[in-house]
2 protein chains.
Amino acid sequence: MPESLKETPGNTVPKRRRDLILDAAEAEFAVHGFDGVTMRQIAREAGVDVALPNYYYKSKRGLFDAVFLRRALVLNERRATAIRSVIAAAGDATPGLEDIIAAYLKPIRDAQESHEPGWRNYCSLVAHINNSRVWGEQMMSKHFNDFVVIFIDALKLAMPEADEKDIYWGYHFFSGALTLTMADTGRIDLLSDGLCHSGDFSEAYDRMTDFIADGFRRICLTAQ
Amino acid sequence: MPESLKETPGNTVPKRRRDLILDAAEAEFAVHGFDGVTMRQIAREAGVDVALPNYYYKSKRGLFDAVFLRRALVLNERRATAIRSVIAAAGDATPGLEDIIAAYLKPIRDAQESHEPGWRNYCSLVAHINNSRVWGEQMMSKHFNDFVVIFIDALKLAMPEADEKDIYWGYHFFSGALTLTMADTGRIDLLSDGLCHSGDFSEAYDRMTDFIADGFRRICLTAQ
DNA sequence: GTCTATACCGTGATAGAC
DNA sequence: GTCTATCACGGTATAGAC
């Protein structure tokens, strides 16, 4: 835990302004996207002067990148570790498809379940970016592809007979399903009239793992 | 009759400015979202004066709603018809899961395959909206839910033993996978190094139907 | 009914005082 | 490191000319 977050007995150490700005920007970008937010809003939300965001992050775009990168690095590392450990545990055997998918999902699930608003906001932000023509390429491909390659390779291990093309398409569907879950829009709540809750992550992720695994099996392991 | 509506000798009717604005707005909103677009850009793109979009559509928001509604009504009607005809064809038998999913997808697939830029842009726009906390509720729930209820009921017919909750979660994953396909971001092209193309809709939708059907079966028809 | 000129305000960013 | 003042630009929307 960084020094700035530690509680000292009696009184709390105030967060550095730099981080306050980053947190405020994350929350605003998550809801409204890059263009829907102004530097003035961010400054107001962070309780700092209008000029400070520019001072610390050079530009609005610089701030956006900083928000995105902060947690992308953490997420990629956690997911890569989780997947490698599943493969290591399988040894010479074929790793289980559900295990690999669950490993991919676990760090995101933990992040959302932590109820730390920063992580929830971040997940929404990624959902925005992943569905955007302009940002998808610049941000997702640039910062997530290295990790995704690890995941694709793991899928190939789990389904050695599969055609590569089918694996990529399966990943595409998986990515879409996950992205909407990360967006946490509350739409399933309205649609199901309260029966399901988009904030109920254990319900979502348990089902997603099974749903996606059998989806993959269908298109990768069945003769068409 | 205004001059702009008269047939010219060469048989082409020039589009009315009103529609030019709507088309230009659709294209811009699809790429950049509501906040990423300015009325000036739209006017420039449409080749009209900056003030005309406001004259015809009251406000930026009015224009956005008009763009969204124009094709939502068409899409909902086509999809409802397609699903009802699958159910009618099944008669007293249980309708096939793949058939219902394919009926849901067919009108969207046709729209994207038509290569009419208006429809492709519209699909991207819906992808934006569906993954947004602010717009999802206002637009998706308001204008698509009536149709989605028809689809959910069809799923219940196809899987009479299923738990309702599982059906809603399955729909959520389906919706996410479809949304990313509609977004048409080109990410799968980069990821697969050219092996797959996000614009190759027959590849996408054929696989999606099977993938989603077996996903539903897994979470709805298997004892957990 | 159609369109243009323009009003008026908020934007991102910076220079320079403290 | 922080804040004030200010810039040039572009934002939406409207009043009034055609």
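Within every chain, numbering begins at 1; the chains are lettered A, B, ... in the order of the sequence lines, protein sequences first and strands thereafter. Computed from heavy atoms alone, side chains included, the values below leave out hydrogens, waters and symmetry copies.
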Item checked: Heavy-atom protein contacts under 4.0 Å, nucleotides 12-18 of chain C, coded B base, S sugar-phosphate only, - none -> BBB----
Next item on the list: List for me each residue that meets salt bridge (charged side-chain N to carboxylate O under 4.0 Å, His left out) alongside A:Arg207, sequence neighbours excluded, and say none if there are none.
Entry: A:Glu203, B:Asp166
Margin query: Please report the distance, rounded to the nearest Å, between CG in B:Asp49 and P in C:dC3.
Written below: 9 Å
Notebook entry, point to check: Expressed in angstrom and rounded to an integer, what is the separation of B:Leu63 atom CG from D:dA13 atom C1'?
Noted result: 14 Å
Checklist line | Test salt bridge (charged side-chain N to carboxylate O under 4.0 Å, His left out) applied to A:Glu45 - qualifying residues, sequence neighbours left out | finding: none
Next item on the list: Round to the nearest Å and state the distance from B:Leu52 atom CG to C:dA5 atom P.
Entry: 12 Å
Note to self: Quick test of your reading: applying side-chain hydrogen bond (donor to acceptor under 3.5 Å, both in side chains), list the pairs with at least one residue in residues 20-41 of chain A, sequence neighbours left out, ordered by first then second residue.
What the structure shows: A:Lys15-A:Asp23, A:Asp23-A:Arg70, A:Glu26-A:Arg70, A:Glu26-A:Arg71
Notebook entry, point to check: Given atom CD1 of B:Ile21 and atom C1' of C:dC3, what is their separation to the nearest angstrom?
Noted result: 11 Å
Next item on the list: Using atom CZ of A:Arg17 as one end and atom C1' of D:dT2 as the other, report the distance to the nearest whole Å.
Entry: 7 Å
Next item on the list: Could you check whether B:Tyr57 gets within reach of a base, just the sugar-phosphate, or nothing at all, counting any heavy atom under 4.0 Å?
Entry: nothing
Notebook entry, point to check: Atom CG of A:Asp35 to atom C1' of C:dG10: distance rounded to whole Å?
Noted result: 15 Å
Check: Quick one: do A:Asp99 and A:Lys106 make a salt bridge, cutoff under 4.0 Å?
Finding: no
Margin query: Going by the rule salt bridge (charged side-chain N to carboxylate O under 4.0 Å, His left out), which residues pair with A:Lys60 if we only count those two or more places apart in sequence or in a different chain?
Written below: none
Notebook entry, point to check: For residues 38-67 of chain A, which residue pairs qualify under ring-ring contact (aromatic ring centres under 6.0 Å, His included), counting only residues two or more places apart or in two chains?
Noted result: A:Phe29-A:Phe64, A:Phe34-A:Phe64, A:Phe64-A:Trp135
Check: To the nearest angstrom, how far is B:Arg16 atom CZ from C:dT2 atom P?
Finding: 8 Å
